[in-house]
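Inspection log for the structure reproduced underneath, given as structure tokens.
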Amino acid sequence: MCGIFGTIGDDAAMRTLEGLRRLEYRGYDSAGLAALFDTSDKEARVETERAVGYVSDLVSKVNGRFKNSVIAIGHTRWATHGGVTEVNAHPHSSADGLMSVVHNGIIENTSELLSEINESGYSMTSETDTELIVHLLHEALGEQRTPEAALEAFQNVIGRLEGAWAIAVIVSGMDGILIAKNGAPLVIGRCENCVSISSDPMPLYGSCSEVAYLDDGDIAYVSQQKVDVISESAELTFAPHQGDYSPEDPGVFAHMMLKEIHDQPTAFQNAIAGRVSADGTNAMLSGFQLGSEELRKLDRINLVACGTAFFAAQLGVRYIRRLSDIPVEAYLSSEFPVESVGGKNTLTIAVTQSGETKDTLDALTRAKVAGGHVSSICNVIDSTIARFAGNGAYLYAGPEYSVASTKAFTNMSAVLMLLALTLSENDNEERARVIRGLREMPQRMSSYLHSEIDFESIVDILVDSKTVLFIGRGPNSHIASEAALKMMEITYLPCIAYPGGELKHGPIALIEEGTPVIAIAPDDSHHPKMEANIRECASRGANVILLTNRETSVEDYCAKVIRTPFTDPFLSPFMSIMPLHLLAYHLAVRLERNVDRPRNLAKSVTVV
């Protein structure tokens with residue numbers, strides 16, 4: 001959460017604003033910019049601008065005033081300390097205006113440090129923990145302006161902080177940026193005519209030819225000439241930065257979320273390409289440090305994830321249990337009981353879109369400390385988790401800009417299916433049938449997305465509801481959870497998901513006349529019991545919306561029916577989730593929500 005970008009070079013502020021625009025998915029409560037125009041003037045105040053809202057709001061306030069700046073740092077905020085106000089927006093500056101700081105993370109010993117700076121005569125103007133940093137540095141640095149003195153003072157300040165951070169500071173009279181990393185990502189990019197810093201390597205595509213990733217504990221002074229670094233690990237090294245920046249462009253679609261839903265056939269094909277044989281007889285997921293035989297001899301596999309990735313992990317657990325005998329479980333990263341499930345002959349796999357999720361990184365770190373193997377299933381190449389694990393599989397879903405994840409969920413589920421097939425020892429008909437189904441899935445998805453589906457009449461049922469209940473059984477119970485999360489994220493409507501068998505154990509109390517219940521009931525072994533659940537809901541006045549791929553005797557009990565093409569029951573979740581993502585989207589549009597940037601959320605959650 002929160003995005004930091006900085007530039008040293010010509011037109012630094014404009015480059016920084018473009019970097020912030022590319023980082024906006026990390027947080028969009030507010031944004032801010034700080035810049036210097038003459039690094040030789042020790043008395044020149046740092047020019048700043050801040051705005052509540054999006055980077056576009058900041059650009060409007062800047063209005064070209066920062067042209068010809070030579071150093072700039074900027075920030076997009078996801079609020080943790082203090083409300084969403086201009087005063088709390090970053091950057092924060094010293095009282096004399098000679099230095100400014102931006103920060104991503106949480107300083108845990110804020111109360112203690114507040115007392116110290118108050119005793120030193122400094123006053124806080126914001127509610128943030130970040131402002132502490134600039135006052136501590138102002139006191140430590142004094143009138144000194146050499147890189148050596150700045151690094152020493154900055155190191156002393158960083159040594160007093162507890163928590164997690166990525167920090168960038170500019171100081172009048174200095175030609176570089178002070179940076180520090182601990183628990184939040186930060187990368188340096190070298191370009192032809194400038195040097196940049198960023199929370200994420202993605203904004204550096206197309207401009208920087210090489211990058212270097214800071215490790216936890218690193219402190220550096222970055223200028224165009226060199227990087228002076230104090231590192232607790234290895235020497236900072238630059239490597240080629242290869243890849244293309246894909247702009248956030250919905251094209252013919254109204255929103256990025258709708259585009260990304262329609263990206264799924266291509267994304268799915270990318271996920272299985274080279275991993276499923278051309279003749280459809282074999283599947284192998286490579287990239288793991290352990291070979292398939294070593295994987296089969298593990299005592300257990302742990303999948304750690306958050307949010308949407310957790311529901312994909314739960315689906316993956318069902319696949320692995322069905323196709324292999326390896327004990328496996330999915331855990332919420334923040335609740336990972338490593339003491340009881342970690343150990344030497346275990347493998348913990350982080351499942352994550354961004355590869356930056358702090359809770360998931362912490363869980364993976366604890367698994368490694370416990371002596372187990374670690375790996376990752378991740379979408380963003382060279383992300384923190386991918387680099388920490390050093391092995392695993394990429395999703396190849398392509399950039400996902402909408403905060404509400406869609407195609408990444410589908411690809412996580414597909415890659416976990418491939419892992420299950422890799423672990424399977426039995427070359428039986430079920431395995432062959434699943435592999436054939438995976439090869440056919442992109443075409444099935446494409447055909448369905450191009451079909452006519454009447455979502456508006458279903459939205460009519462949902463739009464005035466107080467809550468929506470989702471039910472499913474077996475693998476589709478996890479699809480119910482994912483669909484409920486998606487609808488809740490982008491519509492702000494309370495949504496609850498339960499396995500159908502749990503309906504009578506509490507959630508049925510929510511049902512009254514007109515309560516929407518979305519029931520996922522494909523043609524599988526769970527269908528007869530799902531029919532019973534649907535009758536129970538309808539008899540209590542629920543408006544049942546049925547998602548199915550078969551003719552069923554309970555259609556007369558349903559207010560609406562969404563039909564999907566028939567597919568292998570084991571693969572039905574891949575077809576079930578698309579119309580539910582689309583339904584959430586159409587409801588959010590009707591409610592006039594900000595579909596791609598829902599309130600209070602961020603794409604990359606880098607705080608705990």
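Every heavy atom of this structure was used, including side-chain atoms; hydrogens, water molecules and symmetry mates were not.
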Ring-face cation contact, Phe5 with Arg22, 6.0 Å cut, 45° max:
no
NZ or CZ of Arg599 within 45° of Tyr492 ring axis and under 6.0 Å:
yes
For [X], give me all partners under ring-ring contact (aromatic ring centres under 6.0 Å, His included), at least two apart in sequence or on another chain.
{"X": "Phe253", "value": "His262"}
{"X": "His75", "value": "His90"}
{"X": "Phe336", "value": "Tyr331"}
{"X": "Tyr585", "value": "His255"}

Check: [X] side chain, [Y] main-chain N or O, donor-acceptor pair, under 3.5 Å:
{"X": "Asn109", "Y": "Glu162", "result": "yes"}
{"X": "Glu260", "Y": "Tyr401", "result": "yes"}
{"X": "Asn411", "Y": "Leu395", "result": "yes"}
{"X": "Thr346", "Y": "Gly342", "result": "no"}
{"X": "Trp165", "Y": "Ile106", "result": "no"}
{"X": "Ser69", "Y": "Ala13", "result": "yes"}

Atom CG of Asp11 and atom CG of Asn193: how far apart are they, to the nearest 0.5 Å?
10.5 Å
Side chain to side chain contact (heavy atoms under 4.5 Å, CB included), that's the test. Do Thr76 and Tyr25 meet it? Break it down for me.
CA-CA 9 Å; Thr76 61; Tyr25 64 89; over 6 Å; no
Over 12 non-hydrogen atoms of neighbours within 6.0 angstrom of CG in Asn594
yes
Counting neighbours of CG on Asn68 that are heavy atoms of other residues, nucleotides or ligands and sit closer than 6.0 Å, is the number greater than 12?
no
Any luck finding a side-chain donor-acceptor pair between [X] and [Y] under 3.5 Å?
{"X": "Gln353", "Y": "Ser405", "answer": "no"}
{"X": "Thr308", "Y": "Glu482", "answer": "yes"}
{"X": "Asn88", "Y": "Thr128", "answer": "no"}

Just jot down the side chain to side chain donor-acceptor pair (under 3.5 Å) partners of Tyr122, sequence neighbours excluded, or say none.
His138
With sequence neighbours left out, write down each residue that passes side chain to side chain donor-acceptor pair (under 3.5 Å) with Ser198, or none if nothing qualifies.
none
Within the 4.5 Å heavy-atom criterion, are Tyr221 and Lys226 side-chain neighbours or not?
no
4.5 Å side-chain heavy-atom contact, Met174 and Ile71:
no
Are [X] and [Y] within salt-bridge range, i.e. N to O under 4.0 Å?
{"X": "Arg366", "Y": "Asp362", "result": "no"}
{"X": "Glu489", "Y": "Lys486", "result": "yes"}
{"X": "Glu18", "Y": "Arg15", "result": "no"}

Assign the ring pair His581 / Phe409 to parallel, tilted or perpendicular, where the plane angle (0 to 90°) is split at 30° and 60°.
perpendicular
Holding to disulfide (SG to SG under 2.5 Å), I want the full list of residues that pass it with Cys208, two or more places apart in sequence or in another chain.
Cys191
Quick one: closest heavy-atom pair of Asp200 and Leu204, and the distance?
O-CG, 4.3 Å
Looking only at heavy atoms, what is the nearest atom pair of Ser172 and Arg145, with distance?
O-NE, 2.8 Å
Criterion side chain to side chain contact (heavy atoms under 4.5 Å, CB included) on Leu141 and Met99, from CA distance to verdict:
CA-CA 10 Å; Leu141 185 58; Met99 61 180 66; 4.0 Å; yes
List in chain and number order the residues that pass salt bridge (charged side-chain N to carboxylate O under 4.0 Å, His left out) with [X], two or more places apart in sequence or in another chain; answer none if no residue qualifies.
{"X": "Glu400", "answer": "Lys603"}
{"X": "Glu139", "answer": "none"}
{"X": "Arg50", "answer": "none"}

Per the salt bridge (Lys or Arg N to Asp or Glu O under 4.0 Å) rule, what does the pair list look like for residues 56-81, sequence neighbours excluded?
Glu49-Lys61, Glu49-Arg65, Lys61-Glu86
Considering residues at least two apart in sequence or located in another chain, which fulfil the side chain to side chain contact (heavy atoms under 4.5 Å, CB included) criterion with Ala166?
Ile4, Asn104, Ala184, Leu186
Check step by step if side chain to side chain contact (heavy atoms under 4.5 Å, CB included) holds for His373 and Asn391.
CA-CA 10 Å; His373 302 282; Asn391 72 103; over 6 Å; no
Kindly indicate, with the supporting measurements, whether the criterion side chain to side chain donor-acceptor pair (under 3.5 Å) is fulfilled by Glu356 and Ser383.
CA-CA 6 Å; Glu356 303 293 348; Ser383 59; 4.9 Å; no
Output, in order, the C-alpha distance, side-chain angles, deciding distance and verdict of side chain to side chain contact (heavy atoms under 4.5 Å, CB included) for Ile158 and Asn182.
CA-CA 10 Å; Ile158 297 301; Asn182 187 60; over 6 Å; no
